[in-house]
2 protein chains.
Amino acid sequence: MTFDPKDCGTCPIRHRAVCARCENDELEQLEAVKFYRSFEAGQPVIWSGDTMDFVASVVSGVASLSQAMEDGRTQMVGLLLPSDFLGRPGREFAAYDVVAVSNLTLCCFRRKPFEKLMSQTPHIGHRLLEMTLDELDSAREWMLILGRKTAREKIASLLAILARREASLGLRPQAKDTVFELPLTREAMADYLGLTLETVSRQISALKREGLIQLEGKRQVIIPDYAALLAQTGDDCDGAIMS
Amino acid sequence: MTFDPKDCGTCPIRHRAVCARCENDELEQLEAVKFYRSFEAGQPVIWSGDTMDFVASVVSGVASLSQAMEDGRTQMVGLLLPSDFLGRPGREFAAYDVVAVSNLTLCCFRRKPFEKLMSQTPHIGHRLLEMTLDELDSAREWMLILGRKTAREKIASLLAILARREASLGLRPQAKDTVFELPLTREAMADYLGLTLETVSRQISALKREGLIQLEGKRQVIIPDYAALLAQTGDDCDGAIMS
DNA sequence: CGAGTCCTTGACGAGGCTCAAGCACGGTGG
DNA sequence: CCACCGTGCTTGAGCCTCGTCAAGGACTCG
């Protein structure tokens, strides 16, 4: 089944996005106000303060939300992957800078009709609540990383998170090694982790030197022993979030 | 009008908590499953991993959510003030350590009936979504603080946030100076900001020495010039979130 | 080949952490 | 009434991690 933009039934994120719980009649109403937009890697999607007349789901690719300080320091505060939701119903102006980290396709809904639909039907609101609570949880995990971890632990944590997501997609046949493509540049990783890109580079080199990771080119990461990497994150291993 | 625990109509957080939008019949159903619990400053409310058979609103006082690493480092990831919501519908086990920072009173709802009520009526879910989105926004502001700010900027930011909240309560007659009680110990502030308590103490002393703040005892803070304090936060002043 | 982008590595310095000592204040008990 | 203790806070000295500045390598594209 290939993806037909006219038919939500064939959409790759149909069962995980904000529309996951919608009945057919709700989907039809959404389809009436939806449109697709694509961005190339590195392109801005919207700047903080701009008027935002749509909300959107990420169909493919990766987008980042960042906040800037007046002197130019910047911190990534959200990383949007396929099926994640962009925008806030009821908010007219964007609160963050949004950038396409990789090539990106959004499924956009005009904001006003979306809000109206949300107030009339329960499924969108419920799903959005669930997704927002999940995002709050990951924001809190992220806060622990930013506030208390060393540079080495930060890098290990990020790699572990990406590897875990890769595994959860379940696409990979039972390979011993976890392999994935880094969707972020060194600079974006630094932005994510509250480090400089030099420190990121040094720590990745160190992990490679010690055999905890291998690199195929700059972006392909191979993790020969996931547990060994986890041990470098500093996390309390049995303290996993249960939901 | 004094607060009568039997009557939600007299509740001090009636118009801001998760029940803010409820109609009278919904309130009655909530009242049937609610009970109050109080904690003294410093007491634990619940530990991460414990079963959580209630959710709650903070009626008065302050509670913190924190995460711990295996070696004991700890990071506060949430600060709950009156009207804030504790717990996650659908989640059986607590994901964070919750501690009463000051004397604390919770309005608790048994979790199962609360979830049922939520699925049957729209108002609770809508309000909870709104509150969760707000919390996500403050979590993201916090991430910028943790990831990119200097110790001095962190302290200034925290004081500015507390002062702003104080001002927004509007209780204070048009005083030139903003005055408020610090609800946190130095250690809790350090936990909040990803610093050590020594650094917190040094930076507070520095701000005092430079006249940006004054202290009455250890906990009473006077801010003679709010704008001057804001200038120390490093924030882009016109980049305020608009909602 | 040159230019641009992304990454790596080195040298150095500063900001914040660690360790340690001591102060202020309030409560308790002799 | 005062000695004693516990808690919370302050201050100092020294060290280490990570940021800054700088140079140069790997790769792609025109």
Side-chain angles (χ1 to χ4, degrees), chain A residues 40-43 69 71-75 99-103 145-159 181-210 213-221 232 234, chain B residues 40-43 69 71-75 99 101-102 145-159 181-210 213-221 232 234:
Chain A
E40 295 196 354
Q43 295 303 306
M69 295 175 63
D71 61 2
R73 277 174 285 173
T74 143
Q75 172 67 49
V99 175
V101 169
S102 67
N103 290 341
I145 292 176
L146 289 173
R148 291 300 182 197
K149 292 194 177 182
T150 64
R152 181 188 179 88
E153 289 167 338
K154 285 178 174 181
I155 298 288
S157 297
L158 175 57
L159 294 176
E181 188 81 11
L182 258 185
L184 304 175
T185 64
R186 298 288 184 270
E187 187 178 12
M189 292 174 70
D191 238 30
Y192 184 107
L193 298 170
L195 297 170
T196 59
L197 68 89
E198 294 94 331
T199 301
V200 169
S201 185
R202 275 188 257 270
Q203 294 297 334
I204 287 184
S205 296
L207 289 177
K208 189 170 65 177
R209 204 179 313 124
E210 298 169 31
I213 61 172
Q214 292 156 30
L215 293 186
E216 204 72 56
K218 304 290 184 196
R219 295 296 193 84
Q220 187 90 345
V221 180
Q232 300 297 315
Chain B
E40 295 197 354
Q43 295 302 306
M69 296 174 62
D71 61 1
R73 279 175 284 174
T74 143
Q75 172 66 49
V99 174
V101 169
S102 67
I145 292 176
L146 289 173
R148 291 300 182 197
K149 292 194 176 180
T150 64
R152 183 188 177 87
E153 289 167 341
K154 285 176 174 181
I155 297 288
S157 298
L158 175 57
L159 294 175
E181 188 83 10
L182 258 186
L184 304 175
T185 63
R186 298 290 184 269
E187 187 177 13
M189 293 175 69
D191 238 29
Y192 183 107
L193 298 170
L195 297 170
T196 58
L197 68 88
E198 292 95 330
T199 300
V200 169
S201 184
R202 276 188 256 271
Q203 294 297 334
I204 288 183
S205 297
L207 289 176
K208 189 171 66 176
R209 207 179 310 126
E210 298 168 31
I213 61 172
Q214 291 156 32
L215 293 186
E216 204 72 56
K218 305 288 184 195
R219 295 295 194 84
Q220 187 91 342
V221 181
Q232 301 296 316

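In what follows, every chain begins at residue 1, and chains take the letters A, B, ... in the order their sequences are listed.
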Can you tabulate the close N/O pairs, meaning under 3.5 Å, that link protein atoms to atoms of nucleotides 14-21 of chain D?
from: dC18(D); atom 1: OP1; to: Ala151(A); atom 2: N; distance (Å): 2.8
from: dG19(D); atom 1: OP2; to: Thr196(A); atom 2: OG1; distance (Å): 3.3
from: dG19(D); atom 1: OP2; to: Thr199(A); atom 2: OG1; distance (Å): 2.5
from: dT20(D); atom 1: O4; to: Arg202(A); atom 2: NH2; distance (Å): 2.8
from: dC21(D); atom 1: N4; to: Glu198(A); atom 2: OE2; distance (Å): 3.2

Which of residues 184-193 of chain A sit near DNA chain C, with a heavy atom under 4.0 Å from it? Thr185(A), Arg186(A)

What is the distance from atom NZ of Lys218(B) to atom CG of Leu215(B), rounded to the nearest 0.5 Å? 8.5 Å

Quick one: salt bridge (Lys or Arg N to Asp or Glu O under 4.0 Å) pairs with a partner in residues 193-204 of chain B, sequence neighbours left out? none

More than 12 heavy atoms of other groups within 6.0 Å of Glu210(A) CD: yes

Gap between atom CD1 of Ile145(B) and atom CG of Leu158(B) - 0.5 Å precision: 7.5 Å

Side-chain heavy atoms of Arg152(A) within contact of Gln232(A), under 4.5 Å: yes

Can you find a heavy atom in the side chain of Val221(B) that is under 4.5 Å from one in the side chain of Lys208(B)? no

If you define the side chain from C-beta out and look only at heavy atoms, does anything of Glu187(A) sit under 4.5 Å from Val200(A)? no

Side chain to side chain, Met189(B) and Leu195(B), heavy atoms closer than 4.5 Å: no

Distances for protein N/O vs nucleotides 28-30 of chain D N/O pairs under 3.5 angstrom?
none

Are Asp191(A) and Leu197(A) packed together at the side-chain level, in the sense that at least one heavy-atom pair is separated by less than 4.5 angstrom? no

Just so I know, are the side chains of Lys154(B) and Gln203(B) near enough to count as touching, which here means a heavy-atom distance under 4.5 Å? no

Can you check the Ile145(B) CD1 to dG16(C) P distance for me, whole Å? 14 Å

Within the structure provided, determine whether Arg73(B) and Thr150(A) are in side-chain contact (heavy-atom separation under 4.5 Å). yes

Rounded to whole Å, the CD-P distance (Glu153(B) to dA14(C)) equals 18 Å

Which part of the nucleic acid does Ser205(B) contact within heavy-atom distance under 4.0 Å: base, sugar-phosphate only, or nothing? sugar-phosphate

Please produce a list of atom pairs where a protein N or O lies less than 3.5 Å from an N or O of nucleotides 24-27 of chain D.
none

In Å, rounded to the nearest 0.5 Å, how long is the span from CD1 of Ile213(B) to OG of Ser205(B)? 8.5 Å

Whole angstrom value for the distance that separates P of dT8(C) from CG of Leu182(A): 10 Å

The criterion is salt bridge (Lys or Arg N to Asp or Glu O under 4.0 Å); which residues satisfy it with Arg186(B), sequence neighbours excluded? none

Taken to the nearest whole Å, CG/Leu146(B) to C1'/dG16(C) is 15 Å

Could you state the CZ-P distance from Arg219(B) to dG8(D), rounded to the nearest angstrom? 8 Å

